[in-house]
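Excluded from the calculations below are hydrogen atoms, water molecules and symmetry mates; all remaining heavy atoms, backbone and side chain alike, are included.
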Amino acid sequence: MSPKETKVETGWSSEAKAAVFSVIGMTCSPACAGSVEKAIMRLPGIREAAVDVLNNRAQVLYHPSFVNATLISNDKNIKKSTQVCKIHVNGMTCTSCSSTIESALQAIPGVQKAQVALATEEAEIHYSPKTVSCNKLLETIENTGFEAMLISTGEEISNIELKVDGLDTDHHTTRLIEKSLQAIPGVQEIIIYPELNKVLISYKPDMIGPRTFISVIESTGGGCFKASIYPKGGGKEARRQEEIKQYYRFFLWSLVFTIPVFLTSMVLMYIPEFRQVLDTKVINMLTVGMVVRWELSTPVQFIIGRRFYFGSYKALRHGSANMDVLIVLGTNAAYFYSVYSLLRAAYSKDFEGTDFFETSTMLISFILLGKYLEVLAKGKTSEAIAKLLELTPETAILLTLDGEGNEVSEQEIDGRLIQKNDVIKIIPGAKVATDGYVLRGESHVNESMITGESRPVAKRKGDTVIGGTVNENGVLHIKATRVGSDTALSQIVRLVESAQMAKAPIQKYADRISKYFVPLVIILSLSTWFAWFLAGKFHAYPKSWIPSSMSSFELALQFGISVMVIACPCALGLATPTAVMVGTGVGASQGVLIKGGQALESAHKANCIMFDKTGTLTVGKPVVVNTQLLKKMELQEFYVLIAATEVNSEHPLAKAIVEYAKNFVEDKENPSWPEARAFISITGHGVKASIQNREIIVGNKSLMFNQNVEIPLDAKDILAKAEGMAQTGILVAIDREVAGVLAISDPLKPGAREVISILKSMKIRSIMVTGDNWGTANSVAGEVGIETVIAEAKPEDKAEKVRDFQASGYIVAMVGDGMNDSPALAAANVGMAIGAGTDIAIEAADIVLMRNNLEDVISAIDISRKTFSRILLNYIWALGFNILGIPIAAGFLFPFTGFRLPPWIAGAAMAASSVSVVCSSLLLKYYKGPRKLDNLEIHGITIE
């Protein structure tokens with residue numbers, strides 16, 4: 001639809017234009033409306049954007065000199081044309097590696113954004129599929145010297161692996177199955193691995209499901225094939241386990257060679273019998289001990305330690321330096337100097353050199369041990385996601401129903417075979433197999449593992465259920481509405497994974513340091529060696545400082561190597577992402593979904609929280625508590641007219657009126673209301689329509705004033721009385737005469753007063769912003785203890801107020817229910833959507849609170865503060881370790897104390913620093929909420 005444009009007079013600009021667009025494809029109010037509004041508001045020259053999901057319309061007030069209507073209408077399409085590709089990257093060791101990959105990806109035309117997370121070993125790329133392909137992205141990562149494996153392309157396509165018995169390498173057989181599957185609508189791609197009896201199918205889940213594939217395969221070839229879901233394996237966890245095993249194997253093999261080298265150089269030399277054997281001359285001054293150590297250390301240096309050579313080569317090839325470069329330089333210096341000493345001893349009759357083979361082998365062994373412990377610890381940072389994935393039940397009971405809905409048969413199937421619109425039976429104690437709604441039965445369901453809600457939730461016919469929750473008592477028959485990657489559980493996992501990918505702004509400092517860190521360490525190392533070498537050459541220190549087994553050159557070399565290997569860029573790179581991973585995981589387990597490091601960092605700084613009233617401070621389920629008629633008419637007729645008007649609105653107050661009006665009709669379950677013509681919803685004011693040739697206007701005083709409807713004194717008195725009791729007064733005009741006044745009460749949420757009190761003690765200012773009238777707003781604010789009130793505010797006014805407080809120096813968090821708060825949520829430094837339930841895709845929110853509890857606002861801020869404190873502690877440790885460790889390794893204490901840090905101990909300290917940072921982040925797993933919340937008294941809700 002072409003946009004309809006009209007000129008409007010506003011205080012903003014006399015030339016502003018209003019355009020109305022038809023928006024196709026919106027499915028849910030908060031998520032879709034917020035998404036479209038946020039996309040439009042990003043454009044320059046936009047004053048207002050309001051989206052009406054019910055009528056599939058968007059109204060935009062814009063300045064034509066800055067933006068045109070075509071650009072606005074295309075903005076959402078542009079967004080749709082962007083896909084998000086996820087790639088597993090293997091071989092990264094520090095932030096220098098991740099920065100190299102990011103730079104390479106961002107240089108590709110068509111890539112809008114690229115994030116590479118060291119902790120999760122994943123790259124998330126926002127790209128235009130019209131310009132660049134996933135294969136090009138994979139190729140680019142591999143060209144930078146790292147292994148790349150595609151996780152997802154961002155298309156709405158699911159993949160399923162089937163095991164097919166009877167499949168052989170015969171081309172005719174594979175071609176037969178391939179042709180049968182390709183004939184099915186919705187199948188995108190088929191890959192057959194005959195040697196593994198595996199068939200990989202990419203398909204559109206809205207069109208087809210895996211049970212159809214199994215049925216088609218088994219009916220192909222005269223029934224000689226048997227198909228089933230391929231056994232679980234692979235994936236992120238399998239790759240991590242393989243990496244852990246690999247480091248463990250390398251470490252054990254390095255020990256096999258390192259322990260004998262250590263013994264021959266540092267222990268057996270002090271036992272006369274062994275020393276005599278080890279000092280036996282082979283040729284000239286070359287001893288048996290030197291030959292043995294050379295033979296044992298060579299496999300460690302070049303076979304077990306080859307991964308460090310590969311890593312440093314890849315880094316240097318692209319003009320960067322990482323930890324592998326430091327390790328290779330340090331171990332090579334020790335190894336090749338030892339080889340030089342060994343060869344010189346073999347050709348000289350009077351050379352008495354010392355080898356450092358134990359330095360290179362012990363360095364590599366300790367670094368491998370550190371990497372093993374680091375990978376082990378990093379795996380534990382993502383336990384939250386693993387626990388969420390485990391909630392999905394392995395099997396489900398599929399029901400077959402006849403035309404009348406009666407049960408014909410039941411069959412136990414693999415949980416991955418569930419398709420949309422399947423009817424699933426959930427027995428007591430079993431997990432709910434997928435998202436859906438109850439067709440039959442009553443029960444209580446424990447949803448704590450998804451939403452954090454501790455009390456079981458009653459479920460009956462028509463109620464929605466969430467996959468992964470536990471059915472406690474009765475038997476439920478549910479109809480599957482969302483399966484596979486569309487379920488709430490899958491969305492939560494994706495959101496948490498995405499949050500763990502996003503970098504906190506503070507990490508930019510670490511990235512900046514890492515660019516110069518390795519070159520600086522190499523310069524310091526060479527300077528250290530050169531300074532000690534010159535000092536020894538010109539006898540600047542006493543000869544007694546030099547150990548009896550070394551020369552001054554060898555002492556200088558040991559100091560240089562120690563500086564090289566003690567420096568640890570890894571600890572800096574892991575400080576932020578590991579803490580963010582654990583922090584977001586802890587939040588997810590408590591029903592607080594934090595969308596990344598940016599949200600964490602902003603939330604911990606928040607010193608002002610703006611609360612919406614309806615649905616946030618109040619329960620959000622208003623009820624009609626009083627009705628006053630000002631015209632002679634039947635109460636039934638009055639409510640039928642109002643309900644016929646309000647049934648077209650999604651506002652909570654409208655729903656309360658319609659629900660109350662059902663008491664005046666016979667069929668309360670499926671009431672039939674008169675048809676509404678010319679229905680108009682005036683945001684923040686009310687509604688109007690024509691019912692049975694009578695003009696009905698329902699709304700507040702502002703609406704009556706704008707519609708030129710006179711409000712009698714009686715109605716004003718009733719409104720004032722209602723507002724004084726914290727009730728919302730609604731005026732009803734029939735044929736432009738006020739016919740009655742409704743009083744609607746929305747009770748406060750339990751603990752609202754206590755939460756505001758706790759926020760005050762945390763030095764956070766609380767403000768209430770609402771579209772309700774001033775009387776009701778002040779009354780509610782007085783009850784909860786909020787001093788600053790903003791009332792009669794439209795959604796766009798709320799966003800403007802947020803900006804006003806930001807301009808005053810406040811870091812503003814906005815808490816709303818996501819219904820009409822999207823502009824304010826998007827404008828705030830931190831947007832918190834409360835009571836989201838399974839609708840976690842609220843795009844305008846930075847933090848999604850799945851429960852409807854105000855205490856979670858405190859929990860979200862507390863989690864962010866604890867996580868950010870942990871990030872700072874990690875940085876203090878990582879930087880402090882390098883600032884203190886490098887001078888000690890360089891020998892600053894040696895002249896005063898005689899203390900010297902051997903290279904192998906320096907290497908062990910470097911490995912320990914990375915492990916300690918990860919372990920520090922892991923301590924967040926034991927997070928407990930503020931003690932003030934433990935003492936929070938939750939009062940019951942009473943509605944008179």
Side-chain angles (χ1 to χ4, degrees), residues 451 453-455 457-458 463 591 609-628 639 642 646 649-663 698 700 718-730 741-759 766-787 789-793 815-821 832-837 849-858 933 936-944:
T451 65
E453 180 59 62
S454 57
R455 288 172 295 185
V457 182
D463 289 341
I609 297 184
M610 299 181 77
F611 290 93
D612 178 41
K613 181 180 77 72
T614 306
T616 303
L617 289 171
T618 62
V619 174
K621 292 185 179 177
V623 290
V624 178
V625 292
N626 191 15
T627 309
Q628 293 284 337
Y639 268 105
I642 302 173
E646 293 283 24
S649 172
E650 284 193 339
H651 198 281
L653 295 180
K655 290 179 180 177
I657 293 169
V658 172
E659 194 62 34
Y660 188 74
K662 289 179 182 178
N663 296 318
V698 184
N700 55 23
I718 296 167
L719 282 175
K721 187 179 177 183
E723 289 168 7
M725 298 169 65
Q727 295 170 354
T728 302
I730 303 290
V741 182
L742 310 180
I744 297 178
S745 175
D746 187 3
L748 285 176
K749 277 185 181 171
R753 175 186 287 275
E754 290 83 351
V755 166
I756 300 302
S757 175
I758 292 170
L759 287 172
S766 296
I767 298 166
M768 188 177 81
V769 55
T770 177
D772 213 335
N773 60 74
W774 279 99
T776 304
N778 284 321
S779 181
V780 170
E783 281 191 54
V784 297
I786 291 177
E787 295 171 2
V789 180
I790 299 162
E792 296 180 7
V815 184
D817 58 7
M819 295 297 287
N820 59 355
D821 304 314
M832 296 188 195
I834 193 169
L849 310 176
M850 294 184 70
R851 294 185 295 182
N852 213 3
N853 294 349
L854 275 171
E855 308 94 85
D856 287 347
V857 174
I858 296 171
L933 287 181
L936 189 65
E937 293 181 19
I938 304 296
H939 305 292
I941 302 170
T942 55
I943 301 172
E944 295 178 3

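The CD1 atom of I758 sits 13.0 Å away from the CZ atom of R753 when rounded to the nearest 0.5 Å. Separating the CG atom in L849 from the CD atom in E855 is a distance of 10.5 Å, to the nearest 0.5 Å.
Proximity of I790 to M610: side-chain heavy atoms (C-beta onward) are separated by under 4.5 Å at one or more points. Using a 4.5 Å heavy-atom cutoff, the side chains of V741 and K721 are not in contact. Residues T728 and D746 fail the side-chain proximity criterion, which asks for heavy atoms closer than 4.5 Å. With contacts defined as side-chain heavy-atom distances shorter than 4.5 Å, the pair D612/I834 does not qualify. By the 4.5 Å heavy-atom criterion applied to side chains, L617 and T770 are not counted as neighbours.
Side chain of K749 to main chain of T616: a donor-acceptor pair is present (N/O by atom type, distance under 3.5 Å, no hydrogens or angles).
When each of N626, I657, V623 is tested with I744 by the rule side chain to side chain contact (heavy atoms under 4.5 Å, CB included), just one qualifies, namely I657.
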Mind listing the side-chain donor-acceptor pairs of residues 775-784 below 3.5 Å, one per line with the distance, residues two or more places apart or on another chain?
unit_1 : atom_1 : unit_2 : atom_2 : d
T776   : OG1    : Q727   : O      : 2.4
T776   : OG1    : N773   : OD1    : 2.9
T776   : OG1    : N773   : ND2    : 3.3
N778   : ND2    : W774   : O      : 3.1
S779   : OG     : A726   : N      : 3.3

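Checked against side-chain hydrogen bond (donor to acceptor under 3.5 Å, both in side chains), K662 has the following partners two or more places apart in sequence or in another chain: E659. Applying the side-chain contact (heavy atoms from CB on, under 4.5 Å) test to T627 and every residue at least two apart in sequence or in another chain returns V624, L635, F638, Y639, Y660, L742.
Smallest separation of non-hydrogen atoms from S766 and I786: O-CG2, 3.6 Å. In this structure, V619 and L748 approach most closely via the heavy-atom pair CG2-O, 3.8 Å.
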